[in-house]
Amino acid sequence: MKNIIVTTSVKTTFELNTKAQSLANELNLKYIIRNKKTIKQLLESVQGVLVVYKNKLSYFENDSELFFHLDTTALKIKNSDNEPLVEIINKEKQKVLDCTMGLAGDSILLSYYGHNVTSLEKNNIIHLITSNGLKHYVSPNEEINKAMRKIITYNVDCIEYLKRTPENAFDIIYFDPMFSHDIAESNNLSGITPLADNSFPYDEFIKEAYRVARDKIIIKAHFKDNIFEKYNFTRIIRKNTKFHFGFLNTNQKPKTKH
């Protein structure tokens, strides 16, 4: 387990100190008083630092910072006529399970377009930062704020969650495992990299997802990834992009290739 501490911004208050101490207890981590130390100084003795600011949470490790932001989500919503994730579902008010939440960009997009979204995140730090952002981040677009507040999140391994979920409990199951190839354009997600679990149990996941999804399993993966062919996903080719979407119609329950 990583050696991670919890502290506050340099300019702190009693309320921030109390919140940081509470978060440390909740996560079973050590809380320390900042004492004007820089992040670099703090990282000399620990692997990671979770910092409580007045309006956000940030996690620092190596030279990266993870914090909640809308990234390209607002732009995707603005240009959603060409957004493949919305087009693949092609129905209204579907019950969607996002198995790889991360910073919840795709969950927000789907919630914005009226779907009922439950989002899962295995890593407790990523889940904490994202779920806090979904509850408290304020966008100038009020409809995006409404979409964020509606999303239900769980800090859980998606395989464990699927195994205890009844058959056909969701219309759509979506997953976006960490890319198996580096993508230079994804520097805005570099803060997740130190925390990401790069091993994804595809066989077990697909088996459980077939059982739980009423309509479709949707994946986003690097265009070089062989997962599309291995599991018979219909690939949506997107020109000039490093990742593609694919989908399976689960009412046919096709067999996997090995």
Side-chain angles (χ1 to χ4, degrees), residues 1-13 15-76 98 100-109 119-141 144-145 148 151 153 155 176-179 181-198 220 242-243:
M1 187 174 178
K2 290 189 176 185
N3 182 13
I4 298 171
I5 59 171
V6 182
T7 190
T8 64
S9 54
V10 173
K11 189 176 181 181
T12 190
T13 63
E15 287 77 17
L16 281 184
N17 289 332
T18 302
K19 183 177 179 180
Q21 178 72 74
S22 176
L23 275 178
N25 292 339
E26 179 184 330
L27 297 169
N28 198 26
L29 299 175
K30 183 179 180 181
Y31 162 74
I32 69 161
I33 297 172
R34 183 70 179 262
N35 283 334
K36 297 184 179 180
K37 286 186 177 180
T38 65
I39 297 299
K40 187 175 181 180
Q41 288 172 325
L42 292 171
L43 285 172
E44 289 175 357
S45 57
V46 297
Q47 288 178 284
V49 180
L50 180 63
V51 182
V52 179
Y53 295 96
K54 182 179 179 181
N55 295 314
K56 72 170 186 177
L57 300 173
S58 282
Y59 176 75
F60 296 87
E61 185 174 330
N62 301 326
D63 295 320
S64 63
E65 177 185 5
L66 174 66
F67 61 96
F68 182 82
H69 54 89
L70 286 179
D71 185 26
T72 57
T73 305
L75 184 62
K76 285 181 179 180
D98 181 349
T100 47
M101 179 169 72
L103 289 176
D106 291 318
S107 285
I108 296 168
L109 179 72
S119 203
L120 313 179
E121 175 53 53
K122 181 179 179 179
N123 183 276
N124 61 345
I125 299 293
I126 298 174
H127 177 267
L128 171 70
I129 288 173
T130 301
S131 60
N132 182 75
L134 291 172
K135 290 176 184 175
H136 303 295
Y137 185 93
V138 178
S139 162
N141 185 327
I144 292 179
N145 292 329
M148 290 192 292
I151 296 169
T153 73
N155 178 202
D176 172 16
M178 293 300 292
F179 297 142
H181 305 265
D182 291 333
I183 298 180
E185 298 93 313
S186 294
N187 288 334
N188 49 14
L189 297 179
S190 61
I192 284 181
T193 305
L195 296 169
D197 180 1
N198 293 312
K220 180 166 70 175
K242 292 285 183 84
F243 61 88

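Positions are given from 1, in the same order as the sequence printed here. Source: prediction; values computed, not measured.
Residues forming a side-chain contact (heavy atoms from CB on, under 4.5 Å) with Ser22 (at least two apart in sequence, or on another chain): none. Remark: Tyr137 engages no residue in a side chain to side chain donor-acceptor pair (under 3.5 Å) (not counting sequence neighbours).
Counting all heavy atoms, side chain and backbone alike, Tyr53 lies closest to Leu16 at O-CD2, 3.5 Å. Across all non-hydrogen atoms, the minimal contact from Ile5 to Leu42 is CD1-CD2, 4.3 Å. For Met148 against Gly133, the heavy-atom pair with the smallest separation is SD-O, 4.4 Å. Listed here is the closest heavy atom pair of Tyr31 and Gln21: CD2-OE1, 3.1 Å. Closest non-hydrogen pair, Phe67 versus Leu103, comes out as O-CD2, 3.9 Å. Closest heavy-atom contact between Gly102 and Ile126: O-CG2, 3.6 Å.
Here the CD1-CG distance, from Ile39 to Asp63, works out to 12.5 Å after rounding to the nearest 0.5 Å. Atom OG of Ser119 and atom CG of Asp106 lie 9.0 Å apart (nearest 0.5 Å). Atom OG1 of residue Thr38 and atom CD of residue Glu44 lie 7.0 Å apart, to the nearest 0.5 angstrom. Note: Thr130 OG1 to Ile151 CD1 = 10.0 Å, rounded to the nearest 0.5 Å. Considering CD of Glu26 and NZ of Lys19, their distance stands at 10.5 Å, rounded to 0.5 Å. Here the straight-line distance linking atom CG of Asn145 with atom NZ of Lys135 works out to 15.5 Å at 0.5 Å rounding.
Side-chain atoms of Ser131 come within 3.5 Å of backbone atoms of Leu128 as a donor-acceptor pair (strictly under, hydrogens ignored). A donor-acceptor contact shorter than 3.5 Å links the side chain of Arg34 to the backbone of Thr8. A distance-only check finds no donor-acceptor pair linking the side chain of Glu61 to the backbone of Gly48 [under 3.5 Å]. Side chain of Thr7 to backbone of Ile32: a donor-acceptor contact under 3.5 angstrom is found. For the pair Asp176 (side chain) and Thr100 (backbone), a donor-acceptor distance under 3.5 Å is absent.
Considering Asn123, Thr153, Asn155 as possible partners of Met101, the one that fulfils the side-chain contact (heavy atoms from CB on, under 4.5 Å) test is Thr153.
Around the NZ atom of Lys56, the shell of radius 6.0 Å holds more than 12 heavy atoms that belong to other residues, nucleotides or ligands.
By the 4.5 Å heavy-atom criterion applied to side chains, Leu23 and Leu57 are counted as neighbours. With a 4.5 Å cut-off on side-chain heavy atoms, Leu50 and Leu27 count as touching. Side-chain atoms of Phe60 and Val51, non-hydrogen and from C-beta on, do get closer than 4.5 Å to each other. The side-chain heavy atoms of Ile108 and Ile144, taken from C-beta on, include a pair separated by under 4.5 Å. In this structure, Leu29 and Ile125 have side chains that are in contact, with non-hydrogen atoms separated by less than 4.5 Å.
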